[in-house]
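The next block holds one structure in the form of structure tokens; read it before the comments.
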2 protein chains.
Amino acid sequence: MTCLSRQELCKKLRDNGYKVTPQRLAIYEELAGTDSHPTAEALFKKLQRNNPYMSFATIYKAMGILVKIGAVRMLNTGETSSRYDARMDEHYHVQCTCCGRVYDIFDLPTEKLTQAVTKQSGVKIQNSDFYFYGICKNCQ
Amino acid sequence: MTCLSRQELCKKLRDNGYKVTPQRLAIYEELAGTDSHPTAEALFKKLQRNNPYMSFATIYKAMGILVKIGAVRMLNTGETSSRYDARMDEHYHVQCTCCGRVYDIFDLPTEKLTQAVTKQSGVKIQNSDFYFYGICKNCQ
DNA sequence: CTCTCTGCAAAATTTTTGCACTGCT
DNA sequence: AGCAGTGCAAAAATTTTGCAGAGAG
């Protein structure tokens with residue numbers, strides 16, 4: 001997994017003027033340790049086991065910060081709640097329309113797309129999100 | 001605009017077992033007549049002028065149906081509320097991170113991407129959503 | 001020691017649901 | 001006439017906010 005080490009995360013937090021707290025580390029490490037692209041609620045349930053006083057507010061506040069400093073991304077697959085992903089290397093997402101699972105996809109030839117978007121719209125692209133939907137192997 | 005004519009929409013509703021009502025026609029025509037990718041709230045405010053008794057519940061129920069029968073798509077740009085789009089021809093979206101406006105993009109070479117996703121994940125892709133983010137011409 | 005962060009509860013927002021009444025077909 | 005659809009209000013679900021006390025630097 002290409003996520004941040006604890007040391008790198010601490011540095012990133014401090015460099016951006018945020019404090020390092022056990023909650024933020026626990027939230028990040030829980031997220032970095034799964035490839036299930038969990039929602040805030042899923043994270044909360046997992047974290048509660050080891051951190052009985054973990055609260056939703058803390059998760060949402062931490063996520064806001066982690067997204068802002070570029071340690072985490074937020075996924076909008078069209079479900080009612082957002083999902084989170086600690087992998088920040090360039091990749092994309094496929095969701096199974098049957099079971100809802102979200103899989104990672106790598107190495108898509110997207111450079112021409114971004115160029116075409118810039119050319120067509122005049123918008124200087126800062127980042128992009130690609131979502132694919134279909135029936136996964138398990139559900140076929 | 002490549003949206004449905006009133007006649008086509010009526011047929012599509014009936015073919016899928018839904019009734020044609022003035023509210024559904026008004027909602028669809030309002031959406032088809034703009035390229036602003038409005039939220040439910042924005043649609044509601046516009047529709048209220050001519051239909052003072054239009055309600056939110058009706059908009060959400062109608063949208064559910066219109067999405068299901070393939071007359072409308074829902075956009076998830078990462079904002080708190082969903083946006084809607086009556087254009088069903090293949091196209092993509094760029095959002096300005098400054099003003100929030102959403103622009104349409106056409107003719108992207110995406111075939112290889114979809115093939116790569118199928119090959120890599122084994123998921124048979126049914127559809128996809130591409131979102132690009134950057135600073136638009138107006139805001140530059 | 002200061003000032004940010006946490007946890008709780010309450011609030012805000014968006015979307016969904018239940019139900020009596022309306023009105024399309 | 002029958003039954004789906006509308007509108008209202010209340011409920012549900014997710015996310016945000018305010019504040020007192022705890023804890024990082």
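Throughout, protein chains are lettered first and strands after them, A, B, ... in sequence-line order, and every chain is numbered starting at 1.
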Quick one: is [N] close enough that its OP1 or OP2 comes under 4.0 Å of any side-chain N or O from [X]?
X      : N       : answer
S82(B) : dT15(C) : yes
Y60(B) : dT15(C) : yes
S55(A) : dT6(C)  : no

Within this structure, what is the [atom1]-to-[atom2] distance between [X] and [N], rounded to whole angstrom?
X      : N       : atom1 : atom2 : answer
R14(B) : dA4(D)  : CZ    : C1'   : 14 Å
N76(A) : dT15(D) : CG    : C1'   : 13 Å
F56(B) : dG18(C) : CZ    : P     : 20 Å
M74(A) : dT16(D) : CE    : P     : 7 Å
K68(A) : dT16(D) : NZ    : P     : 12 Å
K11(B) : dT25(C) : NZ    : P     : 15 Å
L47(A) : dG7(C)  : CG    : P     : 11 Å
L25(B) : dG5(D)  : CG    : C1'   : 13 Å

With R73(A) as reference, evaluate D89(A), D129(A), D85(A) under the salt bridge (Lys or Arg N to Asp or Glu O under 4.0 Å) test and give the passing residue. D129(A)

Quick check: on DNA chain D, is the nucleotide nearest K61(A) upstream (toward 5') of the one nearest E41(A), or the reverse? Name the residue that is more 5'. E41(A)

Answer yes when K12(B) and E8(B) have at least one side-chain N-carboxylate O distance shorter than 4.0 Å, and no when they do not. no

Go through the side-chain N and O atoms of D104(B) and H37(B) and say whether any donor and acceptor fall under 3.5 Å apart. yes

Under 3.5 Å, is there a donor on one side chain and an acceptor on the other for Q115(B) and T118(B)? no

